[in-house]
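What follows is a single structure, written as structure tokens, with notes after it.
The figures that follow rest on heavy atoms only: side chains count, while hydrogens, waters and symmetry mates do not. Sequence lines set the chain letters: A, B, ... in the order given, protein chains first and strands last, and positions in each chain run from 1.
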Number of protein chains: 2
Amino acid sequence: METCKADTALDILVGKWKHKILFELSKHEVMRFNELKRAIPGITQKMLTSQLRELESHDIVQRKVYSQIPPKVEYSVTTYGRTLDPILHAMHSWSETHIDRMNEKEADEAKAVQS
Amino acid sequence: METCKADTALDILVGKWKHKILFELSKHEVMRFNELKRAIPGITQKMLTSQLRELESHDIVQRKVYSQIPPKVEYSVTTYGRTLDPILHAMHSWSETHIDRMNEKEADEAKAVQS
DNA sequence: CAGCATCCAGCGCGATACTG
DNA sequence: CAGTATCGCGCTGGATGCTG
């Protein structure tokens with residue numbers, strides 16, 4: 001462990017949306033485009049599309065197209081994508097305790113101001 | 001675990017440098033400003049300063065100033081900052097296997113082109 | 001030594017409109 | 001339904017120069 005290579009993992013998870021997409025996808029096994037869009041408040045089609053393409057290019061998600069009218073596309077997390085779970089999970093639980101901590105701090109500061 | 005809160009952890013680790021700073025700091029226990037700068041190739045003073053300030057504001061690193069000439073400032077990871085280790089570690093080891101995977105893939109593609 | 005101030009480029013990301 | 005195309009803003013991050 002000479003230099004830090006965590007960049008690679010970061011590259012894949014960073015970008016305001018990718019981890020949310022993975023979060024939703026890993027809950028549902030299989031999801032359609034608009035289903036994902038509805039599940040992630042605030043995301044635009046553009047962002048959803050581009051982020052999904054990036055994740056796809058890293059073999060994190062799989063894209064299955066049904067050639068039919070109306071179109072139907074299903075997204076799912078690959079088994080390789082599942083290997084990211086520990087990271088996502090670690091970040092998630094850490095965030096929760098961090099948020100608690102922030103709240104306590106704010107409360108303390110409010111008290112300090114009051115006195 | 002209703003919605004995804006991993007943003008918080010991401011916010012703290014993201015930004016091209018923060019995780020590298022933490023990586024170096026956690027190796028050395030205590031480091032001075034220029035020591036850190038030398039340890040992280042390519043970083044500018046501006047970036048190092050601003051990232052350190054952000055980490056400090058989240059209680060991830062501690063800043064100890066010695067009022068003397070020449071100035072001396074020591075940075076170290078707080079015990080709270082240490083709680084990020086599992087995440088960094090997970091990202092690091094994942095990245096290594098991912099890099100291996102990418103290399104294999106490239107090799108395969110090269111072979112495919114050749115044939 | 002350990003910064004802060006300023007200026008500037010790139011692109012991440014959003015809003016909007018159009019398509020098979 | 002599941003996209004693509006275009007436009008543009010803002011913020012992140014880089015280069016340079018100054019200071020206690």
Interface polar pairs with nucleotides 2-5 of chain C, N/O, under 3.5 angstrom:
unit_1: C/dA2; atom_1: OP1; unit_2: B/Arg32; atom_2: NE; d: 2.9
unit_1: C/dA2; atom_1: OP1; unit_2: B/Arg32; atom_2: NH2; d: 3.0
unit_1: C/dA2; atom_1: OP2; unit_2: B/Asn34; atom_2: N; d: 2.9
unit_1: C/dG3; atom_1: OP1; unit_2: B/Arg53; atom_2: NH2; d: 2.8
unit_1: C/dG3; atom_1: OP1; unit_2: B/Arg63; atom_2: NH2; d: 2.4
unit_1: C/dG3; atom_1: OP2; unit_2: B/Tyr75; atom_2: OH; d: 2.5
unit_1: C/dC4; atom_1: OP1; unit_2: B/Arg53; atom_2: NH1; d: 2.8
unit_1: C/dC4; atom_1: OP2; unit_2: B/Arg53; atom_2: NH1; d: 3.4

Pairwise distance CG(B/Leu88) to CZ(B/Arg82) - rounded to 0.5 angstrom: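 The CG atom of B/Leu88 sits 11.0 Å away from the CZ atom of B/Arg82.
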
Sugar-phosphate, base or nothing in reach of B/Lys16, heavy atoms under 4.0 Å: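 Answer is sugar-phosphate: B/Lys16 comes under 4.0 Å of backbone atoms only.
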
Just the rounded figure in Å: distance from [atom2] of [N] to [atom1] of [X].
X       : N      : atom1 : atom2 : value
B/Glu54 : D/dC11 : CD    : P     : 14 Å
A/Gln68 : C/dG20 : CD    : C1'   : 14 Å
B/His19 : D/dG13 : NE2   : C1'   : 15 Å
B/Leu10 : C/dG12 : CG    : P     : 15 Å
B/Met31 : C/dC1  : CE    : P     : 14 Å
A/Lys37 : D/dA2  : NZ    : P     : 12 Å
B/Met47 : C/dA9  : CE    : C1'   : 13 Å
B/Asp11 : D/dC11 : CG    : P     : 14 Å

Partner of B/Leu25 under side-chain contact (heavy atoms from CB on, under 4.5 Å), chosen from B/Val61, B/Leu55, B/Val30: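 Of B/Val61, B/Leu55, B/Val30, side-chain contact (heavy atoms from CB on, under 4.5 Å) with B/Leu25 is met by B/Val61 alone.
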
More than 12 heavy atoms from other groups under 6.0 Å of NZ on B/Lys64: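 Open: at most 12 neighbouring heavy atoms sit under 6.0 Å from NZ of B/Lys64.
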
B/Gln62, CD atom: more than 12 neighbouring heavy atoms under 6.0 Å: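 Result for CD/B/Gln62: open.
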
Full working for side-chain contact (heavy atoms from CB on, under 4.5 Å) between B/Ile60 and B/Lys18: CA-CA 10 Å; B/Ile60 309 298; B/Lys18 285 188 197 123; over 6 Å; no

Side chains of B/Tyr80 and A/His98, donor plus acceptor under 3.5 Å: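 Present: a donor and an acceptor within the cut-off.
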
Toward the 5' end of DNA chain C, by each residue's nearest nucleotide, B/Pro70 or A/Gly42: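 Per heavy-atom nearest nucleotide, the more 5' residue is B/Pro70.
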
